Amino acid sequence: MSANPNRPIGVFDSGLGGLTVLGELVRALPGERFIYFGDTARVPYGAKSPRIVQRYSAEVADHLLTHDIKLLVIACNTATAHAEALLRDRLAQRETPVPVIGVIEPGVAALIKRSRNQRLGVLGTRSTIKSGEYARRILERKPEAQIFSKACPLFVPLVEEGWQDKRATRLIIQEYLSEMQREEVDTVVLGCTHYPLLKSAIQSEFPGLELVDSSRETAAAVADLLQAEELQSEAAAPGAGNLRIELTDLTDQMNDLENLLAGIPVAKIEEVSLG
Ligand code: DGL
């Protein structure tokens, strides 16, 4: 393995939702090469136990290392919650250590920064909320913060059905978030890959609420890290050769893929099996 800065960046998610993070990365870093890995055969991770999420995440990271990645971005909140520390240790032990960035830390930093009253909301999958990882990291930075966490298991299927604008979705948003409004939460982090796609629906139900999209914050954190570690690509020209997608199951989700990619050119989409 070399320290060549032109190596690709590996981006990992349980499925296709992490394309929201990839989109921000491609926009922020047009000269970089990316390999996106979606574990579509085993999605969702959000209802699985920490042990299983850790095992799957380690398998995916080992696979991405075979592509000589220079940096691993864990786009999945659930995988970040359970496996970031594990992957960071594992990848630090390489001959050429590979840094790891998860989506939680950048989201937490922005959440605290944007809130005026430090009454903070966290939305995520059941597994992410149960991990307590967002709350732990918020309190590390801001011990006096009041945290209101809510698992929103219905959000992922609603987004996957393309139901962002339906009445049922608005009612479910009300159900999940009205307690936060009662508690005078002023800022909420969208702690799941799919939730940025509900941003305008949430915003129209709760216009006063500030929403933190961790995908944007993560792209900015990746740009900073590449600069700090002098890992920026020297390639001048962005282009279709810069993105390759690997999925563990290629199904009719390909339609979703096209929607989520929103015009990002892809060089190659491949099905791969792990192990
Ligand atoms: N990618 C997951 C996350 O961000 C959501 C989908 C899943 O449950 O696997 O937590």
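Since this is a predicted model, take the numbers as computed values, not measurements. Along the sequence shown, residues carry numbers from 1.
Taking every heavy atom of both residues into account, A47 and S127 meet most closely at N-CB, 4.4 Å. Pairing each heavy atom of L190 with each of K199, the nearest pair is CD1-CG, 4.0 Å. When every heavy atom of V272 is checked against every heavy atom of H63, the shortest pair comes out as CG2-NE2, 4.2 Å. Here the closest heavy-atom approach between residue T193 and residue T20 is recorded as O-OG1, 3.0 Å. Of all non-hydrogen atoms in E32 and L231, the two that sit nearest each other are OE2-O, 4.4 Å. Considering every non-hydrogen atom in both L120 and V185, the closest pair reads C-CG1, 3.9 Å.
For the pair V222/L225, no side-chain contact is recorded, criterion being any heavy-atom separation below 4.5 Å from C-beta on. Residues Y176 and L123 have side chains not in contact (no heavy-atom distance under 4.5 Å, counting atoms from C-beta outward). L274 has its side chain within reach of F37: a pair of non-hydrogen atoms, C-beta onward, lies under 4.5 Å apart. When side chains are defined from C-beta on, Q164 does not count as touching L158, because their heavy atoms never get closer than 4.5 Å. Using a 4.5 Å cut-off on side-chain heavy atoms (C-beta onward), V103 and I74 make no contact. In this structure, M180 and V188 have side chains that are in contact, with non-hydrogen atoms separated by less than 4.5 Å. Using a 4.5 Å heavy-atom threshold, the side chains of V98 and L65 count as touching. In this structure the side chain of L22 reaches within 4.5 angstrom of the side chain of L243, judged on heavy atoms.
Ion pair E59/R42 flagged as a salt bridge, since at least one NZ, NE, NH1 or NH2 atom sits closer than 4.0 Å to an Asp/Glu carboxylate oxygen.
L211 and L111 are assigned to two separate hydrophobic clusters, defined by single-linkage of ILVMFWY side chains at heavy-atom distances under 4.5 Å. V159 and L177 end up in the same hydrophobic cluster when Ile, Leu, Val, Met, Phe, Trp and Tyr side chains are linked at under 4.5 Å.
Atom NE2 of H194 is separated from atom CG of L19 by 9.5 Å, given to the nearest 0.5 angstrom. Rounded to the nearest 0.5 angstrom, I69 CD1 and R7 CZ are separated by 8.5 Å. Interatomic distance, CZ of F12 versus CG of L87, reported as 7.0 Å (0.5 Å rounding). Atom CZ in R170 sits 12.5 Å away from atom CG in L198 (nearest 0.5 Å). One distance of note links OG1 of T66 with CG of L64; it measures 7.0 Å at 0.5 Å rounding. We find the CD-SG distance between E84 and C76 to be 11.5 Å, quoted to the nearest 0.5 Å.
In this structure, the side chain of T80 does not engage the main chain of G102 through any donor-acceptor pair within 3.5 Å. Between the side chain of K70 and the backbone N or O of P5, at least one donor-acceptor pair lies under 3.5 Å. When atom types are taken as modelled, the side chain of S115 and the backbone of I112 share no donor-acceptor pair closer than 3.5 angstrom. In this structure, E24 contributes its side chain and T218 its backbone to no donor-acceptor pair below 3.5 Å. Under a 3.5 Å cut-off, the side chain of D13 and the backbone N or O of G18 do form a donor-acceptor pair. No side-chain donor-acceptor contact under 3.5 Å links T40 to the backbone of L247. Although no hydrogens or angles enter the test, the distance criterion places a donor-acceptor pair under 3.5 Å between the side chain of E271 and the main chain of L250. Remark: the backbone N or O of I35 is not paired with any side-chain donor or acceptor of R244 at under 3.5 angstrom.
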Might you work through the side chain to side chain contact (heavy atoms under 4.5 Å, CB included) test for V73 and I9, ending with a clear yes or no?
CA-CA 7 Å; V73 180; I9 296 173; 3.9 Å; yes
Decide side chain to side chain contact (heavy atoms under 4.5 Å, CB included) for I104 and S214; before the verdict, give the C-alpha distance in whole Å, the side-chain angles of both, and the deciding distance to 0.1 Å.
CA-CA 7 Å; I104 295 184; S214 27; over 6 Å; no
Determine whether V122 and V108 satisfy the following criterion, side chain to side chain contact (heavy atoms under 4.5 Å, CB included), listing intermediate values before the conclusion.
CA-CA 9 Å; V122 179; V108 162; over 6 Å; no
Test salt bridge (charged side-chain N to carboxylate O under 4.0 Å, His left out) on R141 and E105 and set out the steps.
CA-CA 10 Å; R141 287 170 180 253; E105 202 63 43; 2.9 Å; yes
Stepwise, does the side chain to side chain contact (heavy atoms under 4.5 Å, CB included) test hold for S57 with V53?
CA-CA 6 Å; S57 302; V53 174; 3.9 Å; yes
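Annotation: side-chain hydrogen bond (donor to acceptor under 3.5 Å, both in side chains) contacts of E183 (sequence neighbours excluded): R119. Not counting sequence neighbours, Y195 has no partner by the side-chain hydrogen bond (donor to acceptor under 3.5 Å, both in side chains) test. In terms of the side-chain hydrogen bond (donor to acceptor under 3.5 Å, both in side chains) criterion, Y56 has no residue partners (sequence neighbours excluded). Evaluation of the salt bridge (charged side-chain N to carboxylate O under 4.0 Å, His left out) rule for R116 yields D186 as partners, not counting sequence neighbours. Shown here are the salt bridge (charged side-chain N to carboxylate O under 4.0 Å, His left out) partners of E133, two or more places apart in sequence or in another chain: R136, R137. Contacts of R114 classified as salt bridge (charged side-chain N to carboxylate O under 4.0 Å, His left out), with partners at least two apart in sequence or in another chain: E210, E217. With sequence neighbours left out, E161 forms a side chain to side chain contact (heavy atoms under 4.5 Å, CB included) with W163. Qualifying side chain to side chain contact (heavy atoms under 4.5 Å, CB included) partners for N6, counting only residues two or more places apart in sequence or in other chains: N4, S233, E234. In this view, S215 and D213 satisfy the side-chain hydrogen bond (donor to acceptor under 3.5 Å, both in side chains) rule, not counting sequence neighbours. The salt bridge (charged side-chain N to carboxylate O under 4.0 Å, His left out) check on D62 picks up R90, with sequence neighbours excluded.
With Y45 as the fixed residue, the side-chain hydrogen bond (donor to acceptor under 3.5 Å, both in side chains) test singles out one of D39, T125, T78: D39.
Counting only residues at least two apart or in different chains, ring-ring contact (aromatic ring centres under 6.0 Å, His included) contacts with residues 73-100 are absent.
Atom NZ of K113 has 12 or fewer neighbouring heavy atoms from other residues, nucleotides or ligands inside a 6.0 Å radius. Around CZ of R88, the count of heavy atoms belonging to other residues, nucleotides or ligands within 6.0 Å exceeds 12. The environment of CD in E184 is sparse: at most 12 heavy-atom neighbours from other residues, nucleotides or ligands sit within 6.0 Å. Within 6.0 Å of the CD atom in Q227, the count of heavy atoms belonging to other residues, nucleotides or ligands does not exceed 12.
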Show every donor-acceptor pair shorter than 3.5 Å between a side-chain atom in residues 142-156 and any protein atom, with sequence neighbours excluded, or say none if there are none.
none

